[in-house]
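In what follows, a single structure is set out as structure tokens and then discussed.
All figures in this text were calculated on a predicted structure; none of them were measured in a lab. All residue numbers refer to positions in the sequence shown, counting from 1.
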Amino acid sequence: MGIIQSNSWFVGDMSPQHAESLLYQNNQAGCFVVRNSKTKGLYSLSLHTGICVKHYHIKQSLTKRKGYYYLFDGNYHQTVPHLIHYHMQHAGGLPCRLKSTLSTSPDNIGINLGNQEISNWEIHASELEILEKLGSGAFGVVHRGRWRKSTIVAVKTINPGAMSEDELRKEAKIMTKLQHPNVVQLYGVCFTQRPIKIVIEFMKHGSLLSYLSRYKQSFLESTRLLLDMCIQVCKGMYYLESNNFIHRDLAARNCLVGSANTIKVADFGLARFVLDNEYRSSRGSLFPIRWSPPEVIRSAVFSSKSDVWSFGVLMFEIFTCGKVPYEGYNNSQVMANVQRGKILEKPMACSKEIYDIMKQCWSYNPEDRPGFGKLLEKL
């Protein structure tokens, strides 16, 4: 089988986050890579299970069958290539068999736009053509646009003085590198002309909130589609969580819908940069009150577990096809009720099993809430 370096599945020094990004981009169950471990001389396996990406340490026995490699006790192999070959024939404790390697060389994978590739996250104003207005949101007006004369994009024109330019500049380069089938692609930011413009992937059906309202009757007749929407958002959030990104404003209005009912999480992390909007609390922090857990309301403490609470509220929005959470209560009443432990009622279209998952998202103690990986398994 040859030495490990000669195999197409070996990618050498690659971070777990980079491996996840590439595997999610490939989006095939059984797709995998083997990379160098942080422990010198050892290796790690990154596998797309069909639901999420999991990482495994390839261990080397120090006692029984000394020097042999294994993923699970009792299943030893003389070399790493022998171990990989075995798991391509048998799951052997893995969620699925190893089936394929990345279809594109990792060093060459970029954001494909026809024959283009993003090489610079700072977009010049001359590259953009602004077309019709699509709507407006918390950050400003959104237009359909054309980038580099060929690529249709959505362009968010940020209200003057509404966003911290320096902080956005620091983070934008990182945010453009995040790639997942259920996360809207940030192509870049235009700082060369005021107001600032954020250029993102164009999604033909607009926000999930308006999409749910538009086709409410059809969706309520097929709750399977509603559950699939929840799963897609959860996949996108699991990817962001794995890359240490906190959304802070997860809601149906901040998810977008493309062709074939594809749902993608949008506006991830942008709330960090907003200087003033309707979510500003008396403490000076930003949060959307009806989607926020007790610790955010009480102390403005954000984490991936506060995103999990918001995901539960988003599930409520999906299974009610866009009903306003805590309808009939003003924001002060909502904050008081949440801090007293009052949660949203079960939507009529929602099964007891799905509502139980929502209630887990709304555990008062953040530590009792499941992570997005666990939520995917439950959904």
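- Within the 4.5 Å cutoff, side-chain heavy atoms of Ile231 are placed close to those of Leu376.
- Between Phe32 and Lys99, the closest side-chain pair of non-hydrogen atoms is not below 4.5 Å.
- Residues Tyr56 and Leu94 meet the side-chain proximity criterion, which asks for heavy atoms closer than 4.5 Å.
- With rounding to the nearest 0.5 angstrom, the CD atom of Gln179 is 11.0 Å from the CG atom of Leu186.
- Two residues are said to be in side-chain contact when any heavy atoms from C-beta on lie closer than 4.5 Å; Ile84 and Met88 meet this criterion.
- Panel note: side chain Asn254, backbone Asp267; no donor-acceptor pair is recorded below 3.5 Å.
- Within a 6.0 Å sphere centred on OH of Tyr329, other residues, nucleotides and ligands contribute 12 heavy atoms or fewer.
- Aromatic ring orientation, Trp147 versus Tyr187: parallel (interplanar angle below 30°, classes split at 30° and 60°).
- Relative to the six-membered ring of Phe302, Arg248 meets both conditions, a distance below 6.0 Å and an angle of at most 45° to the axis.
- In this structure, Glu127 contributes its side chain and His124 its backbone to a donor-acceptor pair below 3.5 Å.
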request  = Apply side-chain contact (heavy atoms from CB on, under 4.5 Å) to Val257 and Met203, showing your working.
outcome  = CA-CA 6 Å; Val257 186; Met203 300 290 283; 5.7 Å; no
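- Residues Tyr238 and Gly373 approach most closely at CD1-N, 3.3 Å, considering heavy atoms.
- Residues Pro16 and Val53 are not in side-chain contact: their nearest non-hydrogen atoms beyond the backbone lie 4.5 Å or more apart.
- With a 4.5 Å cut-off on side-chain heavy atoms, Ile58 and Leu71 count as touching.
- Across every non-hydrogen atom of Phe319 and Pro347, the tightest pair is O-CB, 3.8 Å.
- Side-chain polar atoms of Lys374 and Gln360 form no donor-acceptor pair below 3.5 angstrom.
- Of the possible polar contacts, one joining the Lys346 side chain to the Cys350 backbone as a donor-acceptor pair under 3.5 Å is found.
- With ring centers used as reference points, His82 lies 6.0 Å or more from Tyr86.
- A continuous path of hydrophobic side-chain contacts links Leu227 to Leu314 [ILVMFWY only; heavy atoms under 4.5 Å].
- Side-chain N or O atoms of Ser213 include none that pairs as donor or acceptor with a backbone N or O of Gly322 at under 3.5 Å.
- The minimum heavy-atom distance between Pro288 and Arg253, with the atom names listed, is CB-NH2, 3.5 Å.
- For the side-chain contact (heavy atoms from CB on, under 4.5 Å) with Arg369, the qualifying choice from Pro293, Ser303, Ser304 is Pro293, the only one to do so.
- Under the 4.0 Å criterion applied to side-chain N and carboxylate O atoms, Lys352 and Asp356 are assigned as salt-bridge partners.
- Rounding to the nearest 0.5 Å gives a distance of 12.0 Å between CG of Leu45 and OG of Ser37.
- Inter-residue side-chain proximity for His57 and Leu42 is flagged as unmet; no heavy-atom pair is nearer than 4.5 Å.
- One hydrophobic cluster holds both Ile343 and Ile297 under the rule that ILVMFWY side chains link at heavy-atom gaps under 4.5 Å.
- Using a 4.5 Å cut-off on side-chain heavy atoms (C-beta onward), His247 and Phe311 make no contact.
- The number of heavy-atom neighbours closer than 6.0 Å to CD of Gln333, taken from other residues, nucleotides and ligands shown, is above 12.
- Looking only at atom types and distance, the side chain of Asn261 has a donor-acceptor partner in the side chain of Tyr211 under 3.5 Å away.
- Looking at Arg194, its side chain does come within 3.5 Å of a backbone N or O of Phe191 through a donor-acceptor pair.
- Between Tyr355 and Leu344, the closest heavy-atom pair is OH-O, 2.6 Å.
- The minimum heavy-atom distance between Ile318 and Leu212, with the atom names listed, is CA-CD1, 3.8 Å.
- Nearest heavy atoms, His90 versus Arg97: C-CG, 3.7 Å.
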